[in-house]
Amino acid sequence: MTTTTIILLLVSIFIAGGLSFYQYFYKVANKSKVIVLLAFLRFFSILGLFVLLINPIISRKSSEIVKTPLPIIIDNSSSIADLKANETALEVFKKLSENDALKQKYDLQTYQFDEDFASSDTIDFKGSQTNIDAVAKSLKNIYKNQTFPTVLITDGNQTSGEDYVFGFNPDNKVYPLVVGDTTTYLDLKVSQLNVNKYAFHKNKFPVEVFLNYAGTKSITANFKVFQGNSVFGEQTVSFSPNQKSVVLNVLLPADKVGLQIFKAAITSKEQEKNSYNNTKNFAVEVIDQKTEVALISAINHPDLGAIKRSIETNSQRKVTIFKPNEIKTLENYNVLILYQPTADFKSIFDINSKAKINTWIITGNNTDFGFLNQQQNSLSFKMSSQKEDYLSSFEPQFNLFAMDDIGFEQFPPLENAFGTIATNKNVNVLLSSKIRNIATNQPLMAFTENQGTRCAFLLGENIWKWRSKSFVDKKSFEEFDIFIDKTIQFLASNNARKSLVVNHERFYNSGEAIEITAEYFNKNYELDKKARLTISVTNTKTKESKKYDLLKTTNAFKTNLDGLSTGNYAFTVKELNSNSSYSSNFEVLDFDIEKQFVNPSLMKLRQLASQTKGNIYMPNQLETLVKQLLEDNNYKAIEKAIVTKTPLIDWIWLLILIVITLAAEWFIRKYNGML
């Protein structure tokens, strides 16, 4: 308490006493006990008010010893147990955390980590991932702006997260204590495999494989790709002390439609300590892009054969030629080609008005344009009976799909009736027509799309001459056939938007996060955040079924299915308000990334120690590590002076006492008739 405060309190006592004396004793003849009590109550009330205003504070000084924190962190991932180092790791962890000399100098704090960073409550070495980078980030958050050492008990083999070597603060020393057998054993490993998720049926898809070798002698290994018991690819690979990695590129056939599971494996005649990392499973979804095309014509024409051969150069396309009266249903076809339609095509147009199959209409000298005007409204034809030859002119601004000019202007003219062709809205022109190099400003080939239904128009016959001309100029039909294939591809695609869109992988590795997201759109194709989505997951072998709710995130709905065992699963996502549903399947592959290691990552841990100016130690060097920590003068305990300031009297209680004394004074005066 300061001198000023003491003087103010003394002055307050003097003023309170003076006022009480003046009010109750000055010129008062009867000085009874009641008067004395009232004077005391008045004195206390006035003094209390002054004390509230002065608010005297008492300062107390104390000292505290602040020790440098020493985090002791143990790797709780299953790779420690796989390397048979779990007992050693627990032993050194216990010795460090219970060392009395370290406790005297440091504030020992113990943690564990696998995929996440946590306290060391239960250490069971069952973590499915190793994220040492999470340790670096967590230490930075816990010990901000502090200088401290860290003991890291680990094998250094990280399976997730960023590179941990540069993740730790370089001003804080890290002492990696390496557990696991550091003896170099011969080991072959399929370290990484890159493959596309999807492949097209009857094509070949590439697989990039990274193979690693650890050993001290030259060996020859055999690499194979299996599907079941069938071998799809085989190569001989050589390794040596100077050649410890090989990258292979393998082409595999996509012969079967659906999810195809493969296994890449490398073997040799040498004995290995760990053969689990010699194989890696992968899966590819083989998509059947087969397009069934119905080519309908009432006449015979060379164009029919040229169109059929050009389309079928893509093995995923099949063309069937019909007369108009030979086809009764369109449900088996993806694209219709109507060649020079006439009134005989009436039934085809009627059926397609309900089926809404994308159509390619080709006109010519035998086309009934009056009938065609009645069946569609994209183009309006006013044609005469006179024939005309039309040359083509490529429109570079066409942007419905990527199309290069393959020399259209050099192609022979197409024959069509002479007249006027007017385009309505939503018509994109790929080729415009010319008559003897005079532009007609009319389309020769155009595309439309209306409410999800697509249509193409080729306004002229004798396209077989274009294919022949392309072969004469290029010595190959390839460019022309690509042009036709892109036309069919545009018509075979369906842009109709689904209300329920679900995103998922076709396969997951066991131990990885299994995440499925979904979006639900209302009738205006706006994201409906009020949707109620559930997912039902069934193991196809055991028939065990589980049901989950999809939780709403910022822009989608999401669920995590972590913990599913290896196997095939079928699932259905359902929106409860509208009963919209989506069904598919996925497979959880047998893969444990923690079993991929045969030795600790000594090189990475050395880099970490060097980066932070620490040292690397083995379990048998525990005493040396303890000595290093005890003798390091950079980490000394700090004595801090702590000043605690507390008020002399709690103002709330003082205020209550003042109210009580004032009330008591009033009641006593009232009782004695002094008011």
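- In this structure, a donor-acceptor pair under 3.5 Å is absent between the side chains of S581 and T572.
- Across every non-hydrogen atom of D562 and A513, the tightest pair is OD1-CA, 3.3 Å.
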Identify every side-chain donor-acceptor pair in residues 232-241 under 3.5 Å, counting partners at least two apart or on other chains, and give the distances.
| residue | atom | partner | partner atom | Å |
| --- | --- | --- | --- | --- |
| E234 | OE2 | N222 | ND2 | 3.0 |
| S240 | OG | N242 | N | 3.4 |
| S240 | OG | Q243 | N | 3.0 |

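- Between the side chain of K94 and the backbone N or O of A89 there is no donor-acceptor pair closer than 3.5 Å.
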Inset, instruction - Any chance you could lay out the side chain to side chain contact (heavy atoms under 4.5 Å, CB included) test for V502 and I516, step after step, and finish with the verdict? - result: CA-CA 7 Å; V502 180; I516 296 178; 3.8 Å; yes
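- Counted by atom type alone, D124 and T122 present zero donor-acceptor pairs between their side chains at under 3.5 Å.
- Contact check on K103 versus E98 returns no salt bridge, with no Lys/Arg side-chain nitrogen under 4.0 Å from an Asp/Glu carboxylate oxygen.
- Judged by distance alone, the side chain of Q112 and the main-chain N or O of D75 form no donor-acceptor pair under 3.5 Å.
- The closest side-chain heavy-atom distance from V250 to P206 is not below 4.5 Å.
- The minimum heavy-atom distance linking V190 with A264 is given by the pair CG2-O, 4.3 Å.
- Residue T110 comes nearest to F93 through the heavy atom pair CB-CZ, 3.5 Å, listed as atom of the first residue, atom of the second, then distance.
- Taking CD1 of I638 as the reference point, atom OG1 of T68 lies at 6.5 Å (rounded to 0.5 Å).
- Atom CG in L533 sits 6.5 Å away from atom CG in L500 (nearest 0.5 Å).
- Side-chain N or O atoms of Y164 include none that pairs as donor or acceptor with a backbone N or O of A134 at under 3.5 Å.
- Using a cutoff of 4.0 Å between basic side-chain nitrogens and carboxylate oxygens, R532 and D549 are not scored as salt-bridged.
- Without hydrogens or angle criteria, K217 side chain to L186 main chain gives no donor-acceptor distance under 3.5 Å.
- Taking the six-membered ring for Trp, F586 and Y508 have ring centres closer than 6.0 Å.
- The distance from the CD1 atom of I80 to the OG1 atom of T130 is 7.0 Å, given to the nearest 0.5 Å.
- In this structure, K263 is positioned above the aromatic face of F226, its NZ or CZ under 6.0 Å from the six-membered ring centre and within 45° of the axis.
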Inset, instruction - Evaluate the salt bridge (charged side-chain N to carboxylate O under 4.0 Å, His left out) criterion for residues K604 and D163: first the C-alpha distance (whole Å), next the side-chain angles of each, then the deciding distance (0.1 Å), finally the verdict. - result: CA-CA 9 Å; K604 297 283 286 184; D163 189 352; 3.0 Å; yes
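- Side-chain contact between V151 and L629 is present, with heavy atoms from C-beta onward closer than 4.5 Å.
- Two residues are said to be in side-chain contact when any heavy atoms from C-beta on lie closer than 4.5 Å; Y106 and I72 fail this criterion.
- Ion pairing between a basic and an acidic side chain is recognised when a charged N comes within 4.0 Å of a carboxylate O; E91 and K95 show such pairing.
- Side-chain contact, Q192 with N194: a donor N or O sits under 3.5 Å from an acceptor N or O.
- Considering all non-hydrogen atoms of both residues, P176 and A609 come closest at CD-CB, 3.9 Å.
- Remark: the backbone N or O of F210 is paired with a side-chain donor or acceptor of S191 at under 3.5 angstrom.
- A donor-acceptor pair is defined here as one N or O able to donate and one able to accept, closer than 3.5 Å; such a pair exists between the side chain of S78 and the backbone of G127.
- Around NZ of K105, the count of heavy atoms belonging to other residues, nucleotides or ligands within 6.0 Å exceeds 12.
- Checked by atom type, the side-chain pair N157/S79 shows no donor-acceptor distance below 3.5 Å.
- Within a 6.0 Å radius of NZ in K173, more than 12 heavy atoms belonging to other residues, nucleotides or ligands are found.
- Expressed to the nearest 0.5 Å, how far CZ of F113 lies from CD of Q158 amounts to 8.5 Å.
- Between H504 and F571, the ring planes lie perpendicular to each other; the angle is over 60°, past the 30° to 60° tilted range.
- You'll find the side chain of V207 reaches within 4.5 Å of the side chain of V209, heavy atoms only.
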Ignoring hydrogens and angles, write down the donor-acceptor pairs under 3.5 Å from the side chains of residues 535-544, residues two or more places apart or on other chains.
| residue | atom | partner | partner atom | Å |
| --- | --- | --- | --- | --- |
| T538 | OG1 | S545 | OG | 3.3 |
| N539 | OD1 | K541 | N | 2.9 |
| N539 | OD1 | T542 | N | 3.2 |
| N539 | ND2 | Y569 | OH | 3.4 |
| T540 | OG1 | N568 | O | 3.2 |
| T542 | OG1 | E544 | N | 3.3 |
| K543 | NZ | T540 | O | 3.2 |

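- One side chain, D632 or N634, offers a donor N or O that lies under 3.5 Å from an acceptor on the other.
- Side-chain contact between T154 and I73 is absent, with no heavy-atom pair separated by less than 4.5 Å.
- Checking Q109 against D107 by side-chain atom types alone, a donor-acceptor pair falls below 3.5 Å.
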Inset, instruction - Decide side chain to side chain contact (heavy atoms under 4.5 Å, CB included) for F125 and S77; before the verdict, give the C-alpha distance in whole Å, the side-chain angles of both, and the deciding distance to 0.1 Å. - result: CA-CA 5 Å; F125 302 105; S77 64; over 6 Å; no
Inset, instruction - I would like to know whether V178 and I616 meet side chain to side chain contact (heavy atoms under 4.5 Å, CB included); could you show each step before the answer? - result: CA-CA 7 Å; V178 185; I616 190 170; 3.4 Å; yes
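- Considering only heavy atoms from C-beta on, V588 stays 4.5 Å or farther from S565 through its side chain.
- Here D114 pairs with N76 under the side chain to side chain donor-acceptor pair (under 3.5 Å) rule; sequence neighbours left out.
- Residues D133 and E162 come closest through the heavy atom pair CB-O, 3.3 Å.
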Inset, instruction - Could you give me the CA-CA distance, side-chain angles and deciding distance for L152 and I132, then say whether side chain to side chain contact (heavy atoms under 4.5 Å, CB included) is met? - result: CA-CA 9 Å; L152 186 64; I132 303 178; 4.0 Å; yes
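- The nearest pair of heavy atoms linking A637 to I65 is CB-CG2, 3.8 Å.
- Annotation: the span from L622 atom CG to L177 atom CG amounts to 6.5 Å, rounded to 0.5 Å.
- In this structure a side-chain-to-backbone donor-acceptor pair under 3.5 Å is missing from Q104 to A101.
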Legend entry - D116 vs N131, side chain to side chain donor-acceptor pair (under 3.5 Å): CA-CA, chis, key distance, verdict: CA-CA 7 Å; D116 298 311; N131 188 353; over 6 Å; no
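- In this structure, S138 contributes its side chain and V135 its backbone to no donor-acceptor pair below 3.5 Å.
- Put simply, the side chain of N278 gets close to the backbone of I266: a donor and an acceptor are under 3.5 Å apart.
- Counting heavy atoms from C-beta on, the side chains of V92 and M618 never come closer than 4.5 Å.
- Atoms CD and OG1, on E270 and T220 in that order, are 9.0 Å from each other to the nearest 0.5 Å.
- T612 contributes a side-chain N or O that, together with a main-chain N or O of L608, makes up a donor-acceptor pair within less than 3.5 Å.
- When side chains are defined from C-beta on, T517 does not count as touching F557, because their heavy atoms never get closer than 4.5 Å.
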